[in-house]
Number of protein chains: 2
Amino acid sequence: MVSYNTANPGYQGRMTSPQPRKRDAQATKARILEAAQSVFARTSYADAGIREIAARAGVSTTLLLQYFGSKAGLYEEALNLLVPLGDVLQTPRAQFGQALAEALLHSGDQKIRPTLMIPLAGGDSEAATIAARVMEERAIAPLAAWLGPPNARARALEIAAMATGLVTYTAYLPLRAHTGQDIAHMAAWFAQNVQTIVDNGAD
Amino acid sequence: MVSYNTANPGYQGRMTSPQPRKRDAQATKARILEAAQSVFARTSYADAGIREIAARAGVSTTLLLQYFGSKAGLYEEALNLLVPLGDVLQTPRAQFGQALAEALLHSGDQKIRPTLMIPLAGGDSEAATIAARVMEERAIAPLAAWLGPPNARARALEIAAMATGLVTYTAYLPLRAHTGQDIAHMAAWFAQNVQTIVDNGAD
DNA sequence: ATTGTAACTTATCAACTGATAACTTATCGG
DNA sequence: CCGATAAGTTATCAGTTGATAAGTTACAAT
């Protein structure tokens, strides 16, 4: 592993990647963001370290900070990039529950799933403030608008609550392994209840 | 504020608390655990600091570590102490949904609420492992046993998922303030869906 | 009254965190 | 070819974290 900011001066890493890599700020930024997403999704904000993200992107921490200003800045940009609901909101209303369930349970550890882990940021920390804003703007608000009255916001929050809970207990917490039956039961339960919220605007 | 381990040598704090406080290991342990609960509930595990907990309990960090071995040990004991479902599992089955909703939304920031924040510990950190074990033993398992077949575990997880989500979006994330209508709608939704899971064992 | 022991603290550590200043090097238009 | 500028790095810092060794002080039984 090529590591920067550690005791390994001068080594260029030509063995692992034959090309010393061209200089391309945009591509580098993208690599950093990708690394940030995967690291922030796996550990909590406080546990995730700038050094690990930088190493995973094959960059020095300095460059990372130069591009994103601070760890918090990187966090915000990484979250914003996920645009959680984008695709799912395109599906027909009648299949929304099913579509969201599949997106949450089968997504390849990227895209939507991490977004639901945003709340895992913390309580009153700087990270929580950022996470709350992003969640509000990119998930709750669009979902509420899509749902429409009555009680748009409450219903959006209910869906978000179920989604966060589902991901938490199926993919995030290292609980004792679930059986296929358990997963199937939960998926069906989730899809149906979400769909009810979508359909039953008038309760 | 009396602070230990900082630059304030020799000050005994006699002004704020006239009695220099008797030596009582059990009471001191209890004070530490209480402080730990409130701090761990407010910030994430990684953000919570041993020093803050110790200060809040009016003790030195050394004593805290002497009693609980390590930060992780303190975390585990503090979580275990919450015994989340205890009271709620005593209510009649027909009112379980309502009872749980009230416990979650009206609890004075202590008792149950923090327990549902356990998952906020992190991803693959040491804290997450501890949190998962406690959650499994003190919440999922007893709840599943109480629910009974069929699909006891899946149904328990579904309830836990909703509960975690509800707390997350009403009390934990610093989202834009909810209206009373929103809260009421969510509470009713939560109570009814939990009750359905309790009743409809056979789907 | 003395003393043994439990309760509790002070002083200190090594490791790690995010961040900054100052340097080097590749790339590209003229 | 060249030199300006962006892309990238090394070295380093000050602050904080959890943890430890060595001490001090209160209390309770003899």
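The sequence lines fix the lettering, A, B, ..., with proteins before strands; numbering per chain opens at 1. Any value given below was found using the heavy atoms of this structure, including those in side chains, with hydrogens, waters and symmetry copies removed.
- Between the CD1 atom of A:Ile53 and the C1' atom of C:dA19 there is a distance of 15 Å, given to the nearest Å.
- The backbone N or O of B:Ala27 lies less than 3.5 Å from a partner atom in the side chain of B:Asp24, making a donor-acceptor pair.
- Nearest nucleotide to the side chain of A:Lys22, out of C:dA19, C:dT27, C:dC8: C:dT27.
- For the residue pair A:Asn193 and A:Thr196, no side-chain donor N or O sits within less than 3.5 Å of a side-chain acceptor on the partner.
- The base of C:dT10 does not come close enough to the side chain of B:Ser60 for any donor and acceptor atom to sit less than 3.5 Å apart.
- The side chain of B:Thr28 contributes an N or O atom lying less than 4.0 Å from OP1 or OP2 of C:dC8.
- At whole-Å resolution of the value, CG in A:Leu64 and P in C:dG18 are 10 Å apart.
- If you check every strand for non-hydrogen atoms under 4.0 Å, B:Leu63 touches a base.
- When heavy atoms are screened at a 4.0 angstrom cut-off, B:Tyr67 is found touching the sugar-phosphate backbone but no base atom.
- With D:dG8, D:dA19, D:dT9 as the candidates, the nucleotide lying closest to the side chain of B:Thr61 is D:dA19.
- Taking every side-chain heavy atom of A:Arg23 into account, C:dT25 is the closest of C:dT25, D:dC27, C:dA19.
- Each of A:Gly49 and A:Gln66 was assigned the nucleotide of DNA chain C with the nearest heavy atom; the assignment lying further toward the 5' end belongs to A:Gly49.
- Side chain of A:Lys29 to backbone of A:Phe68: no donor-acceptor contact under 3.5 angstrom is found.
- Taking atom CD of residue A:Glu52 and atom P of nucleotide C:dG18, one finds them 10 Å apart after rounding to whole Å.
- A straight line from CZ of A:Phe68 to P of D:dA7 spans 13 Å, rounded to a whole angstrom.
- The distance from atom CG of A:Asp47 to atom P of C:dC16 is 14 Å, rounded to the nearest whole Å.
- Under the 3.5 Å distance criterion, the side-chain polar atoms of A:Thr91 are matched with a main-chain donor or acceptor of A:Val88.
- Computed from coordinates, the B:Lys29 NZ to C:dC8 C1' distance equals 14 Å when rounded to whole Å.
- Atom CD of A:Glu126 is separated from atom P of C:dT17 by 17 Å (rounded to the nearest Å).
- Comparing C:dT12, C:dC8, D:dT20 against the side chain of B:Arg51 picks out C:dT12 as the nearest.
- Within the nucleic acid shown, A:Ala48 comes within 4.0 Å of sugar-phosphate atoms alone, with no base atom in reach, counting heavy atoms only.
- For A:Arg155 (side chain) and A:Pro150 (main-chain N/O), a donor-acceptor pair under 3.5 Å exists by modelled atom type.
- Side chain of B:Ala25, nearest nucleotide from D:dG8, D:dA19, C:dA7: C:dA7.
- When distances run from any side-chain atom of B:Lys71 to the nucleotides D:dG18, C:dT9, D:dT9, the shortest one goes to D:dG18.
- Nucleic acid contact class of A:Leu65 (heavy atoms, under 4.0 Å, all strands): base.
- The distance between atom CD of A:Gln26 and atom C1' of D:dA7, rounded to the nearest whole Å, is 14 Å.
- A donor-acceptor contact shorter than 3.5 Å links the side chain of B:Arg138 to the backbone of B:Asn80.
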